[in-house]
Amino acid sequence: MSAIAKDAPALVPRPAGGITKSVRDSLVVAKRNLIRMTRIPEMVIFGLIQPIMFVVLFTYVFGGSISIGGSTDPQLYKEFLMAGIFAQTVTFATAGAGAGIADDMHKGLIDRFRSLPMARGAVLTGRTLADLVQTTLTLVVLAGVALIVGWRTHENLAKVICGFLLLLLLGYAFSWIGALIGLSVRTPEAATSGGLIWLFPLTFISNAFVPVTGMPTFLQHVAEWNPFSATVAGARELFGNTMPGVPKSVTGAWPMEHPILASVIWSVLIIVVFRTLAVRKYRSAAV
Amino acid sequence: MPGAIHAEGLVKTFGDVRALDGVDLDVPEGTVLGLLGPNGAGKTTAVRVLTTLLRPDSGTAFVAGIDVLKKPDDVRRSIGLSGQFAAVDEYLTGRENLQMVGQLYQLTARDAKARAGVLLDRFNLGDAADRTAKTYSGGMRRRLDLAAALVVSPPVMFMDEPTTGLDPRNRQQLWDVIEDLVAGGTTLLLTTQYLEEADRLAHDICVIDHGKVIARGTSDQLKARTGGERVEVVVHRPDEIERARSVLTALGKGEVTVVQLSRKLTVPVSGGAKLLAEIIRDLDAQGVEIDDIALRRPTLDDVFLSLTGHAAEVHENGDEESARAQAERSTDARSKEDTR
C-alpha cells in the first residue's frame with residue numbers, strides 16, 4: 001500500500017469554472033441520487049401508491065356526489081379532478097428532497113461534499129434534478145391509471161404535454177422548498193413530516209378537489225391566490241378539462257384569469273427565492 | 001516559515017459554549033500533529049474550521065499556504081478529509097463512491113474511474129468494489145472513507161478520530177496506511193482520544209481541553225513534563241522488602257512507595273537504563289531475590305490525567321455533538337425563562 005501519495009501527479013484537476021462546473025457537478029450528484037433510487041426501489045413504489053389511491057378513492061367515493069357546475073355526473077368530476085391529483089402528487093417531491101438532504105446531513109455526506117472543490121449549489125441542484133426524474137416517472141404511471149379509470153383530455157397532444165410540463169415545473173419548485181426544510185431540520189424523520197404536513201392545507205384550500213364556489217369568501221380568496229391553484233387551473237386548461245359550469249374565478253383573482261402564465265410566474269418565483277435561501281443555508285450549514 | 005497547517009487565535013462559540021477559545025496550531029510540512037483531547041474539547045470544531053466547513057468567530061488559518069477564510073475553494077483542492085463518521089454513500093458501491101468523489105474533485109470521468117480502481121486495490125477493497133457500501137464491515141467503510149479522502153492525493157490531510165470504534169486489527173491496518181501516507185510526504189492533522197494512537201503516529205502532540213491548547217510538544221517532551229521515570233521492583237519474599245527499600249532510597253530521587261501485599265516497591269529515578277543496572281547490582285549484592293524489575297516511563301494517559309485533571313474518557317459520540325447538545329440545552333433553558 002506504499003506510495004499512495006506518489007502516483008498522483010498525472011491527476012491534475014481539470015481547470016473549470018462557472019456554469020460548466022455547476023452543470024457538471026450537478027449532474028454527478030443527480031446521477032448519484034438516481035443510482036440510489038434504483039437501489040431502494042421501494043421508495044419509488046411507495047411514492048406511487050398514495051397518488052394512485054387518491055385517484056381511485058376520489059373518483060369512486062366522491063365522484064357521484066360532488067357537483068361540478070350543477071351536475072354530479074361522475075365523468076365530469078373525473079376530468080375536473082385529475083389535474084388536481086397530479087398537482088398534489090408533484091408537490092410531494094418536497095418531502096422526498098427534504099428527507100434525502102436531511103439524511104445526507106445526518107450521515108456526514110454533506111460534510112464530505114462541502115469539503116470538496118465542487119460548485120456550491122450542485123449538491124442541492126443534483127438532488128432536485130433527480131427528484132424531477134422521479135416525479136416525471138410518477139406522473140407517467142399516474143396518467144396511465146387516470147386514463148384507465150376514465151380520465152380524458154380534449155386538447156391536442158402538444159397542449160397536453162405542456163400541461164404536464166407546467167405540473168413538473170411546480171414539482172421542481174417545491175423540491176427547492178424541501179431542500180431548505182431538509183437543511184434546516186435535524187433528522188430525516190423530521191424532514192419527512194415537516195415536508196408533508198403543510199402540503200395538506202396548501203393542496204386542499206385550492207381548486208384541486210372541489211370548485212371554490214362552495215367555500216367561505218375568505219377561503220375563496222386564499223384558494224384563488226394559492227400558487228397551487230394556478231397550476232391546477234393551468235393544467236386543466238391545457239388538458240381541455242375546464243368545466244363550462246365552473247367559473248374561471250369567483251373572486252376575480254388575477255392568477256385565476258391567467259392561470260398558465262400565473263403558474264409559471266409562481267413556480268419561477270418559488271425557485272428563485274428558495275434556491276437562494278437553500279444554497280445560502282447549505283454554504284453556512286454550521287451543523 | 002509557517003507550516004502546511006497554520007492557525008492563530010481561533011475562536012468559535014456555540015451559544016454559551018466556547019468550543020474553540022483561542023487555539024494556535026502549526027504543523028510543519030510532512031509531519032503529523034496529533035490533536036488530543038476528551039469529548040467536547042474542541043477537536044472536531046478545529047478540524048471543521050480548518051477544512052472550510054465552519055467559519056470561526058475570529059482568528060486566522062492557512063492550509064497549504066492558502067487563507068482558509070479568503071480562499072476556501074482553493075483550500076478544498078488541497079485537502080482530504082476523513083471523518084469520524086465514515087461519510088460514504090451506503091447505497092453506492094465502493095467504486096461508485098470513489099468515482100463520484102473524484103469527479104467532484106474535478107477530475108475527468110476517465111481519470112476518476114482509473115483512480116478509483118487504483119485506490120480500491122490499494123485499500124484491499126478490490127473484491128468488494130462492486131458491492132454497495134451498506135454491505136461493508138466497519139473497517140472496510142473506514143478504508144473506503146480514507147480512500148475517498150485520498151482521491152487526488154492532497155498534500156494536506158485531516159483525519160477526525162479515524163479509528164474510533166474499530167477493532168484492534170482494523171485499527172492496526174489503518175495505522176499502517178496512515179504511516180505509508182506520511183512516508184509519502186503528506187502533512188496530517190489527526191484528532192484522537194486514543195493516547196496510544198497519538199504516541200504511535202504523531203510527531204507533535206497538542207493537548208486540547210475546553211477549547212484551549214493546554215500543552216504541546218513531542219510525546220517524549222510531554223511525558224518528561226509529567227514527572228519522569230520510575231523504577232518498579234517486585235521482590236520474591238516479604239522479608240526482603242526492607243533491604244530493597246534501603247537500596248532504592250539510596251539510588252532513587254524521592255520517596256519509595258511500597259505495596260506490601262504484592263511486594264512491589266516504586267521509586268522515581270533519573271538516569272534511565274544505566275541506573276537500572278546499578279539497582280540490580282546492589283539488590284543482588286544485598287541478596288535480594290527479585291521477581292520483576294522495570295523502568296516505567298509515564299504513558300500519555302498519565303500525561304493527560306496530570307494536565308486535565310481527568311482521564312481521557314472514550315464515548316461513542318463526537319466532541320462537537322456534546323458541545324452542541326450543551327449549547328442547545330442552555331438555549332432551551334433561556335427560551336423557557338423568556339416564556340415565563
Side-chain angles (χ1 to χ4, degrees), chain A residues 1-17 20-22 24-43 100 103-120 122-123 126-127 186 282-287, chain B residues 14 48 51-55 73-81 83-93 96-97 100-109 111-112 114-115 118-119 122-124 132 134 145 148-155 158 176-177 180-181 183-186 320 324:
Chain A
M1 259 188 250
S2 61
I4 289 161
K6 282 179 197 147
D7 53 8
L11 300 162
V12 180
R14 304 168 320 117
T20 323
K21 179 176 166 179
S22 297
R24 185 176 174 274
D25 289 353
S26 299
L27 291 178
V28 171
V29 177
K31 182 182 163 198
R32 170 230 166 193
N33 283 308
L34 289 173
I35 293 175
R36 279 174 69 93
M37 271 174 211
T38 66
R39 306 269 155 85
I40 329 171
E42 57 271 28
M43 272 177 54
D103 192 46
D104 286 349
M105 293 261 287
H106 193 63
K107 298 238 167 78
L109 269 159
I110 294 284
D111 278 355
R112 160 80 70 213
F113 287 134
R114 288 179 68 228
S115 76
L116 295 175
M118 58 189 287
R120 297 285 79 191
V123 168
R127 174 75 221 190
R186 268 163 211 289
Y282 171 84
R283 283 187 191 203
S284 68
V287 198
Chain B
F14 296 105
R48 293 179 63 86
T51 53
T52 77
L53 298 181
L54 198 62
R55 264 192 100 79
D73 219 46
D74 291 348
V75 170
R76 290 181 194 115
R77 286 176 192 280
S78 310
I79 60 169
L81 169 64
Q84 196 174 153
F85 305 100
V88 294
D89 190 325
E90 54 183 1
Y91 286 102
L92 261 53
T93 65
E96 287 164 346
N97 264 296
M100 173 182 75
V101 171
Q103 286 188 281
L104 295 177
Y105 262 118
Q106 310 303 314
L107 300 179
T108 61
D111 281 351
R115 183 67 177 155
V118 170
L119 285 169
R122 290 268 166 78
F123 284 86
N124 293 326
T132 56
K134 208 176 161 59
D145 183 60
L150 293 173
V151 164
V152 292
S153 298
F158 294 88
D176 291 342
V177 172
D180 272 347
L181 201 64
T186 305
E320 198 178 286
R324 218 161 51 216

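So you know, we letter chains A, B, ... as the sequences are listed, proteins then strands, and number each from 1.
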Of the listed residues (A:Val29, A:Thr38, A:Ile35, A:Asp104), which shares the most heavy-atom pairs with chain B below a 4.5 Å separation? A:Ile35
Report yes if the side chains of A:Arg36 and B:Glu96 come closer than 4.5 Å at any heavy-atom pair, otherwise no. no
Taking the side chain as every heavy atom from C-beta outward, state whether B:Arg76 and A:Leu116 have any pair of such atoms under 4.5 Å apart. no
Looking at every non-hydrogen atom in both residues, tell me the closest pair between B:Leu92 and A:Arg32 and how far apart they are. CD2-CG, 3.7 Å
Under 4.5 Å between any side-chain heavy atoms of B:Tyr91 and A:Met37, yes or no? no
Gap separating the CD atom of B:Gln103 from the CE atom of A:Met118, nearest 0.5 angstrom: 11.0 Å
Relative to chain A, which segment of B:Thr132 carries a heavy atom at a distance below 4.5 Å: side chain, backbone, both, or neither? side chain
Considering non-hydrogen atoms only, spot the tightest contact between A:Asp111 and B:Leu53 and give its length. O-CD2, 3.6 Å
Could you check whether A:Lys107 pairs with B:Glu90 (Lys NZ or Arg NE/NH1/NH2 to Asp/Glu carboxylate O, under 4.0 Å)? yes
In terms of side-chain geometry, is the basic nitrogen of A:Arg112 or B:Asp89 positioned less than 4.0 Å from the acidic oxygen of its partner? no
Over all heavy atoms of both residues, which pair between A:Gly108 and B:Ala87 is shortest? Give the atoms and the distance, please. O-CB, 3.3 Å
Could you go step by step and tell me if A:Asp25 and B:Gln106 meet the side-chain hydrogen bond (donor to acceptor under 3.5 Å, both in side chains) rule? CA-CA 8 Å; A:Asp25 289 353; B:Gln106 310 303 314; 3.1 Å; yes
So, for B:Arg77 and A:Pro117, which heavy atoms are closest and what is the spacing to 0.1 Å? CG-CB, 3.6 Å
As an exercise, state the distance from CZ of A:Arg39 to OG1 of B:Thr93, rounded to the nearest 0.5 Å. 6.0 Å
